[in-house]
Amino acid sequence: MTKDSIDARIDRLHADGLVDMHFDLPLDLYEKRSEPGALLSHYSPEFEAGNIGVVGAALYVEDRYLPEMGLRVALDEVARLYSEVDRAKDRFAICKTSDEIKRARQENKIAIVITMEGVEPLGEDLNLLRVFYELGLRMVGLTHARRNAAGSGGIFAASGSSSDGLTAFGRQVVQECERLGIIVDLAHINPRGFEEIVNLTKKPLIVSHTNARKFYDIERNISDEQIKMIGQRGGVVGVNAILVSSSPAESTVDRYVDHIEHVIGLTGIDHVGIGFDFCEYLFQQLPAKVREELAAKLTTPHFIPELTNHSQARNLTRKLIERGLSDQDIEKILRGNWVRILNEWL
Ligand SMILES: [Zn+2]
């Protein structure tokens with residue numbers, strides 16, 4: 001195929017927009033609360049260059065705010081998201097239902113779905129889950145890497161995370177999510193907690209952003225057995241772009257696609273999507289000392305040079321074409337599989 005025809009094919013595949021179910025946007029908007037407009041000035045051009053159609057925007061509270069400020073920071077992140085979208089109403093919409101997502105897309109707006117990464121903002125108060133639901137929360141992962149009132153996260157090493165599963169509160173959160181219609185996200189949860197959530201729920205389960213342990217064997221990623229469980233439940237695994245390999249040299253778009261093909265090999269084409277977790281921009285904004293602390297406590301992410309922000313999404317699609325995937329399969333990866341989950345839950 002000539003370069004022109006590949007570009008035309010990418011244009012066609014991107015025309016209906018891509019779905020990325022994990023992005024730490026609210027965190028950055030909160031840190032920039034004294035400089036409104038970042039959604040339009042910084043993020044909007046990148047989303048548009050990559051033809052992003054739906055974004056999962058994750059509420060996340062950094063360690064330095066916990067425990068006292070957890071709820072307050074999360075609420076402020078929601079507030080910042082709404083006020084930034086208010087300034088760009090012709091380009092963005094915060095969506096609470098699949099119909100709202102469809103309408104936003106028909107109007108050529110980027111649909112933002114509010115998600116939560118770690119339930120620290122709830123403390124141990126299940127009532128607050130309902131409050132966040134009213135504010136638009138539609139996907140919840142119980143933990144980040146740390147332990148909280150709901151359970152324990154998988155660590156960034158091959159073994160050694162807590163052998164405990166969910167707490168009683170964690171089980172209540174999962175059941176209440178399913179009842180309210182908040183998608184249960186298995187990203188980050190430790191192996192024992194993962195298994196418990198599978199047994200506690202009935203609806204399709206997802207992992208918004210993760211990688212296969214086959215290529216990077218840490219508990220934060222998921223095993224072949226876990227990938228198969230998600231497939232059997234009709235769910236989707238969103239492939240993460242920052243933990244594709246322990247080696248910087250192997251952190252490439254090719255390796256990213258290896259993760260996608262691995263999930264397809266285990267589950268078929270209907271259970272893989274995108275959860276880029278692009279955070280190079282956020283990471284570089286941190287003071288050097290904080291970056292070192294993060295590296296010591298978690299790990300150093302290895303950003304993929306050709307896939308570090310949404311404007312580079314075409315590099316992924318080009319690679320999928322080069323690997324010989326059909327248009328129909330590429331559309332499922334870029335959009336269709338996530339859309340099916342959003343339609344089933346919201
Ligand atoms: Zn994460």
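Along the sequence shown, residues are numbered consecutively beginning with 1. Whatever order the structure lists them in is the order used to number ligands and atoms, beginning at 1.
- In terms of the side-chain contact (heavy atoms from CB on, under 4.5 Å) criterion, residue partners of Arg130 (sequence neighbours excluded) are, by chain and number, Tyr133, Glu134, Leu180.
- For the Zn ion (ligand 1), the neighbouring protein N/O/S atoms at less than 2.8 Å, given as residue and atom, are Glu117 OE2, His188 NE2, His209 NE2.
- Counted by atom type alone, Asp99 and Thr97 present zero donor-acceptor pairs between their side chains at under 3.5 Å.
- Heavy-atom contacts from other residues, nucleotides or ligands closer than 6.0 Å to NZ of Lys228 number 12 or fewer.
- Between the side chains of Glu219 and Ser161, at least one donor N or O lies within less than 3.5 Å of an accepting N or O.
- Side chains of His14 and Asn51: a donor-acceptor N/O pair is present below 3.5 angstrom, by distance only.
- No side-chain heavy atom of Arg192 sits under 4.5 Å from any side-chain heavy atom of Ser163.
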